[in-house]
Student: 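Structure in structure tokens, see below.
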Amino acid sequence: MAINLKGRSFLSLLDFTPREIRYLLDLSHDLKEKKRMGLHGNLLKGKNIVLLFDKTSTRTRCAFEVATLEEGAHVTYLSNSQFQVKESLEDTAKVLGRFYDGIEYRGYAQKTVVELAKYAGIPVWNGLTDADHPTQILADFLTLEEMVSNKPLSDMKLVFVGDTRNNMSYALMYGAAKMGMHFVALGPQALAPNPDILDKVWEVSKSTGAVIEFTDKIDKAVQGADAIYTDVWVSMGEKVDYAERAKLLTPYRVTTDMFNKTGNPHTVFMHCLPSYHDFETETAQHFKEQGIDMREVEDAVFRHRNSVVFDQAENRMHTIKAVLVSTMG
Ligand code: CP
Ligand code: NVA
């Protein structure tokens, strides 16, 4: 049966079948090629979308804006609204549902994006919550397909290093389980994934052949990896002791030594960005002055010839375009 995603929200890859994810990736490859050929479309002509942000963003906001405009739709960016301040989630969702054809939401609880979808009556796209970041995963998988030659996703070993309880770790786990990949979450026991989430991905893996593991042992985890992926040590909105977090995660910083331990000269380095790989930002400087080194990756790995971080960033736009075109168009 042909895939039809019209009217669907995009809240988590857990809501999509492997065939539907395959369809979104194929469409992303096609839309990227179309843009490369200089073809601008009007697949979303006459549509209006709203971007609702309760957290900061560079890539996600810009990807949604450019994707929308390139296919002929209009976009409103909303960061300072009445939403959940002077107006309930339900009321704002109903109002936006009368004005727009789709809503992007970035914020805290996954429940918020689920409830927006329940009340808005139009597709809602998850632009990151504390628990998930599904549009990022489409971009990451598109990048893997482009950069790891001669292998389908189902033959790849992807290692996520660092805070394995964060939104990126979980979102990658969901995607890897759906696409039958070998996924290793590597980090300290104190930041191990929630057992309920592991149960959920193991259940999915039964039908896809995926292998999803958690370990704190670096050498075995990275051996033969096709990709080493990391993310910041403290995510947006987390209230933690930074010195404590840095102490836990320093052994898991992606160093040249760790990267070489894969034994695979073609291993790619991945990061969703933004990243602390040097001390160029105000925040990194601020921590450095307190004697805290928050770099999750060494600059040399970040800038390594096998680093694909900016390809991932570009692919946010092509994959988000595929989500918009297929769910709303
Ligand atoms: N990767 C990502 O979501 O980046 P932004 O926070 O800049 O949107
Ligand atoms: N884990 C990070 C991802 C940023 C794209 C955060 O939530 O801050």
Side-chain angles (χ1 to χ4, degrees), residues 10-13 28 49 51-68 75 77-79 104-110 112-113 125-144 160-175 185-187 191-194 197 227-240 242 245-246 248-249 252-254 269-277 280-284 287 294-297 302 307-321 323-324:
F10 190 77
L11 308 181
S12 172
L13 285 185
S28 306
I49 75 162
L51 311 181
L52 191 53
F53 279 83
D54 278 343
K55 283 178 178 168
T56 52
S57 168
T58 297
R59 277 144 290 271
T60 308
R61 175 189 174 174
C62 296
F64 268 96
E65 291 213 12
V66 173
T68 305
V75 59
Y77 176 70
L78 208 53
S79 68
E104 181 275 355
Y105 176 72
R106 166 173 287 198
Y108 299 86
Q110 182 73 9
T112 308
V113 83
W125 310 292
N126 182 354
L128 180 145
T129 62
D130 292 342
D132 211 330
H133 196 7
T135 62
Q136 177 71 50
I137 307 313
L138 288 181
D140 297 341
F141 286 4
L142 189 73
T143 310
L144 281 170
F160 177 85
V161 193
D163 176 10
T164 68
R165 296 181 315 184
N166 82 4
N167 45 13
M168 278 310 308
S169 171
Y170 290 152
L172 284 166
M173 237 179 247
Y174 300 152
L186 168 65
L191 296 172
N194 177 324
I197 292 196
I228 302 278
Y229 199 124
T230 195
D231 185 15
V232 289
W233 288 347
V234 179
S235 290
M236 288 182 274
E238 267 195 287
K239 292 188 179 40
V240 294
Y242 280 74
R245 185 60 67 87
L248 272 174
L249 286 171
Y252 296 93
R253 174 175 297 131
V254 183
F269 172 71
M270 302 183 82
H271 197 306
C272 53
L273 306 181
S275 160
Y276 293 125
H277 56 94
E280 294 297 318
T281 63
E282 258 178 49
T283 333
F287 288 123
M294 292 299 290
R295 286 172 308 147
E296 67 276 3
V297 55
F302 189 87
S307 171
V308 296
V309 297
F310 297 110
D311 300 287
Q312 292 172 261
E314 179 194 330
N315 283 339
R316 297 298 307 286
M317 201 283 288
H318 306 297
T319 45
I320 282 173
K321 195 186 275 178
V323 170
L324 296 178

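Each ligand, and each atom within it, is numbered from 1 in the order the structure gives.
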Student: Under 4.0 Å from a heavy atom of N166: give me the atoms of ligand 2 that qualify, with their elements.
Tutor: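 By the 4.0 Å cutoff, the relevant atoms are 1 (N).
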Student: May I ask you to check if ligand 2 and M236 share an N or O to N or O distance below 3.5 Å?
Tutor: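 Among all N and O atoms of M236, at least one is under 3.5 Å from an N or O of ligand 2.
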Student: Test your reading of the structure: does N167 have an N or O sitting under 3.5 Å from an N or O of ligand 2?
Tutor: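 Between N167 and ligand 2, an N or O pair is found under 3.5 Å apart.
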Student: Report yes or no: does N167 contribute a side-chain atom to a donor-acceptor pair with the main-chain N or O of T129 at less than 3.5 Å?
Tutor: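 It does hold such a pair.
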Student: Applying side chain to side chain contact (heavy atoms under 4.5 Å, CB included), run through F310 and L273 and close with a yes or a no.
Tutor: CA-CA 9 Å; F310 297 110; L273 306 181; 4.0 Å; yes
Student: Closer than 3.5 angstrom, by distance alone: can the side chain of R253 be matched with the main-chain N or O of R295 as a donor-acceptor pair?
Tutor: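 Side chain of R253 to backbone of R295, a donor-acceptor pair under 3.5 Å: yes, one is there.
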Student: Is there a donor-acceptor pair under 3.5 Å between the side chain of T319 and the backbone N or O of S28?
Tutor: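 Judged by distance alone, no pair lies under 3.5 Å.
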Student: Out of all atoms in ligand 2, which are within 4.0 Å of some heavy atom of S235? Include the element for each.
Tutor: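 It comes down to these atoms of ligand 2: 1 (N), 2 (C), 6 (C), 7 (O), 8 (O).
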Student: Does V254 offer a backbone N or O that forms a donor-acceptor pair with the side chain of E296 under 3.5 Å?
Tutor: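 No: the side chain of E296 does not pair with the backbone of V254.
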Student: Please list, in number order, the atoms of ligand 2 under 4.0 Å from a heavy atom of L273.
Tutor: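 That gives atoms 5 (C) of ligand 2.
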Student: Both conditions, 6.0 Å and 45 degrees, for the charged tip of R61 above the ring of F53: are they met here?
Tutor: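 Because its charged atom misses either the 6.0 Å distance or the 45° angle limit, R61 does not stack over F53.
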Student: Does ligand 1 have any N/O atom under 3.5 Å from a protein N/O, and what are those pairs and their distances?
Tutor:
residue	atom	partner	partner atom	Å
ligand 1	1 (N)	Q136	OE1	2.9
ligand 1	1 (N)	C272	O	2.9
ligand 1	1 (N)	L273	O	2.9
ligand 1	1 (N)	R316	NH1	3.3
ligand 1	3 (O)	T60	OG1	3.0
ligand 1	3 (O)	R106	NH2	2.9
ligand 1	3 (O)	H133	NE2	2.9
ligand 1	3 (O)	R316	NH1	3.2
ligand 1	4 (O)	R59	NE	2.8
ligand 1	4 (O)	L273	O	3.4
ligand 1	6 (O)	R106	NH1	2.9
ligand 1	7 (O)	T58	N	2.7
ligand 1	7 (O)	R59	N	2.9
ligand 1	7 (O)	R59	NE	3.2
ligand 1	7 (O)	R59	NH2	3.0
ligand 1	8 (O)	S57	OG	2.7
ligand 1	8 (O)	R59	N	3.4
ligand 1	8 (O)	T60	N	2.9
ligand 1	8 (O)	T60	OG1	2.7
ligand 1	8 (O)	R106	NH1	3.4
ligand 1	8 (O)	R106	NH2	3.1

Student: Strictly distance-based, threshold 3.5 Å: is any side-chain N or O of Q110 a donor or acceptor partner for the main-chain N or O of L11?
Tutor: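 Yes, because the side chain of Q110 sits within donor-acceptor range (under 3.5 Å) of the backbone of L11.
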Student: Take Y170 and D132 through the test side chain to side chain contact (heavy atoms under 4.5 Å, CB included) and record every step on the way to the result.
Tutor: CA-CA 6 Å; Y170 290 152; D132 211 330; over 6 Å; no
Student: Tell me: protein heavy atom nearest atom 3 (C) of ligand 2, and distance?
Tutor: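 For atom 3 (C) of ligand 2, the nearest protein heavy atom is D231 OD2, 3.6 Å.
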Student: Around atom 4 (C) of ligand 2, find the nearest protein heavy atom and jot down its residue, atom name and distance.
Tutor: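 Its nearest protein heavy-atom neighbour is L128 CD1, 3.8 Å.
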Student: Once salt bridge (charged side-chain N to carboxylate O under 4.0 Å, His left out) is applied, do any residues pair with D130, and if so which ones, sequence neighbours excluded?
Tutor: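 Residues passing salt bridge (charged side-chain N to carboxylate O under 4.0 Å, His left out) with D130: K55.
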